[in-house]
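First comes the structure, then the notes that go with it.
One-based numbering, in listed order, for ligands and for the atoms of each. Each residue takes its place number in the sequence, starting with 1.
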Amino acid sequence: MAFARILGTGGCLPEKVLTNHDLEQMVDTTDSWIRERTGIEQRHIAQEGETCVDLAELAARRAIESAGIAPEDIDLIIVATTTPDQIFPSNACLLQHRLDIHGCPAFDVQAVCTGFVYALSVAEKFVRTGAARTALVVGAETLSRIVDWTDRITCVLFGDGAGAVVLRAADEPGILSSHLHADGAYKSLLQVPAGIGNGGTGSPYMEMKGNEVFRVAVTTLGRIVDEALDANGMERSDIDWLVPHQANLRIIQATARKLDLDMEQVVVTVGKHGNTSAASIPLALDQAVRDGRIQRGHTLLMEAFGGGFTWGSVLVRY
Ligand code: ACO
């Protein structure tokens with residue numbers, strides 16, 4: 001069986017930046033409260049008319065360029081998103097059309113903040129079994145569209161963006177292992193109640209019991225780390241980089257402590273990006289690859305926790 005290797009990465013952030021000081025003018029909050037509790041200084045927000053697929057397309061084109069392939073080489077497209085442009089076609093199909101790719105499977109994965117980890121894991125299985133050779137995996141979100149901008153508890157946390165990777169079949173790893181989990185019993189701690197199947201009832205905005213999410217996230221992410229290491233017979237010292245979902249600096253620091261990792265070995269973008277949900281890991285990966293921190297041969301642990309609850313990890317030899 002082939003392995004699946006990350007060939008290239010790309011990212012895209014909307015131009016518009018919303019700082020904590022901007023938020024001070026909108027809700028009863030302060031820059032210092034937001035920084036101390038979350039580590040966030042600013043976030044990028046899609047402008048009117050700018051869509052999730054717009055961001056996904058730019059990130060995808062950059063990943064394709066850095067992989068040195070042509071769009072027509074791609075034979076699988078998976079987009080992780082909670083904020084698709086339309087109910088259908090999926091963002092993956094809309095992106096496929098933008099890239100002028102025809103015929104290959106294209107579908108969305110919805111696992112909120114764990115979406116990219118889910119999508120990468122699914123793509124890896126296609127590549128390893130030979131069902132696909134070159135997969136485009138994108139995490140893209142416009143969470144600003146499901147945030148209540150009068151709710152200070154949630155509106156300070158989120159941002160928009162997209163990140164992408166190209167996965168290619170290879171003789172050597174690649175992705176070493178992936179581990180996916182979910183437990184819908186926690187649905188009420190983090191949700192957007194509105195939907196289609198429920199007849200359109202419920203609030204269309206994010207609702208969150210922040211304290212409880214925080215507590216479960218920290219405990220769960222500690223377990224994820226052990227699960228990934230044990231599955232590969234690895235020690236904590238074998239990990240070169242932690243590329244975590246970027247929800248909150250304090251959650252990231254707790255996971256780094258669990259791994260005995262210095263914060264220098266953790267890719268942190270939450271300060272500048274806020275929580276971009278499914279986009280946060282590929283955006284962080286792209287940044288650290290482009291600035292030369294992450295290099296070929298390094299071992300990376302990507303992990304995420306989010307609404308559902310969903311959680312998971314992917315261990316990668318880059
Ligand atoms: N500005 C000022 N004060 C605020 C704000 C704000 N933006 N938001 C809440 N407060 C107030 C609260 O009203 C509360 O006031 P009170 O004591 O008078 O009632 C006080 O600050 C403390 O509120 P807590 O919710 O206890 O604050 P906490 O330290 O837990 O921090 C936070 C809140 C940042 C949301 C934290 O719980 C957290 O990060 N949780 C994780 C949730 C998360 O990351 N969700 C993202 C999606 S899931 C994921 O990606 C992992």
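The protein non-hydrogen atom at the shortest distance from atom 46 (C) of ligand 1 is N275 ND2, 3.4 Å. Among protein heavy atoms, atom 6 (C) of ligand 1 sits closest to T29 OG1, 3.3 Å. For atom 30 (O) of ligand 1, the nearest protein heavy atom (residue, atom name, distance) is N211 OD1, 2.9 Å. Atom 35 (C) of ligand 1 has as its closest protein heavy atom M208 CE, 3.7 Å. Nearest protein neighbour of atom 13 (O) of ligand 1, counting heavy atoms only, is R152 NH2, 3.0 Å. In this structure, atom 22 (C) of ligand 1 lies nearest to the protein heavy atom R37 NH1, 3.7 Å. Nearest to atom 39 (O) of ligand 1 among the protein's heavy atoms is N248 ND2, 2.6 Å.
Within ligand 1, counting atoms from 1 as listed, the ones closer than 4.0 Å to a heavy atom of A247 are 44 (O), 49 (C), 50 (O), 51 (C). For ligand 1, the atoms lying closer than 4.0 Å to a non-hydrogen atom of C113 are 49 (C), 50 (O). Annotation for ligand 1: atoms under 4.0 Å from non-hydrogen atoms of L190 are 47 (C), 48 (S). In the vicinity of I153, heavy-atom distances shorter than 4.0 Å reach the ligand 1 atoms 8 (N), 9 (C). Every atom of ligand 1 is numbered from 1 in the order shown, and the set under 4.0 Å from a heavy atom of T38 is 34 (C).
There is no side-chain donor-acceptor pair under 3.5 Å between K125 and T129. A side-chain N or O of N232 and one of S177 form a donor-acceptor pair less than 3.5 Å apart. E24 and H21 share a side-chain donor-acceptor pair at under 3.5 Å.
Close N/O approach between H245 and ligand 1 is found [any backbone or side-chain N/O within under 3.5 Å]. An N or O contact shorter than 3.5 Å is missing between G306 and ligand 1 by distance.
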Would D160 and S144 count as a side-chain hydrogen bond (donor to acceptor under 3.5 Å, both in side chains) here? Give the steps.
CA-CA 6 Å; D160 300 333; S144 63; 2.6 Å; yes
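Using a 30° and 60° split on the angle between ring planes, H181 and W311 fall in the parallel class, below 30°. Below 30°, between 30° and 60°, or above 60°: for H298 and W241 the angle between ring planes is between 30° and 60°, a tilted geometry.
Less than 4.0 angstrom separates atom 16 (P) of ligand 1 from none of the non-hydrogen atoms of the protein. By the definition of a contact as any protein heavy atom under 4.0 Å away, atom 41 (C) of ligand 1 is in contact. Proximity of atom 28 (P) of ligand 1 to the protein is indicated by at least one non-hydrogen atom lying closer than 4.0 angstrom. Protein heavy atoms come within 4.0 Å of atom 44 (O) of ligand 1.
A side-chain hydrogen bond (donor to acceptor under 3.5 Å, both in side chains) with E141 is found for exactly one of T276, T82, N275, namely T82. Of the residues listed (S280, S277, S313), the one engaging H245 in a side-chain hydrogen bond (donor to acceptor under 3.5 Å, both in side chains) is S280, and it is the only one.
Remark: among candidates F158, W33, F305, the nearest residue to atom 33 (C) of ligand 1 is W33, based on non-hydrogen atoms.
Taking the charged nitrogens against the carboxylate oxygens, R61 and E65 have no contact shorter than 4.0 Å, which rules out a salt bridge. We find that D28 and R152 are joined by a salt bridge, their nearest charged nitrogen and carboxylate oxygen being less than 4.0 Å apart.
Atoms OG and CG, on S90 and L95 in that order, are 9.0 Å from each other to the nearest 0.5 Å.
Residues D240 and G297 share a closest heavy-atom pair of OD2-O, 4.4 Å.
Put simply, part of R250 is less than 4.0 Å from ligand 1, judged by heavy atoms. The shortest heavy-atom distance from I34 to ligand 1 is not under 4.0 Å.
Contacts between V156 and ligand 1 below 4.0 angstrom, taking non-hydrogen atoms only, involve the side chain exclusively. Heavy atoms of A217 found under 4.0 angstrom from ligand 1: none, in either backbone or side chain.
At least one cation-pi condition fails for R43 and F158: the charged atom is not both under 6.0 angstrom from the six-membered ring centre and inside a 45 degree cone around its axis.
No donor-acceptor pair closer than 3.5 Å links the side chain of E264 to the backbone N or O of V266.
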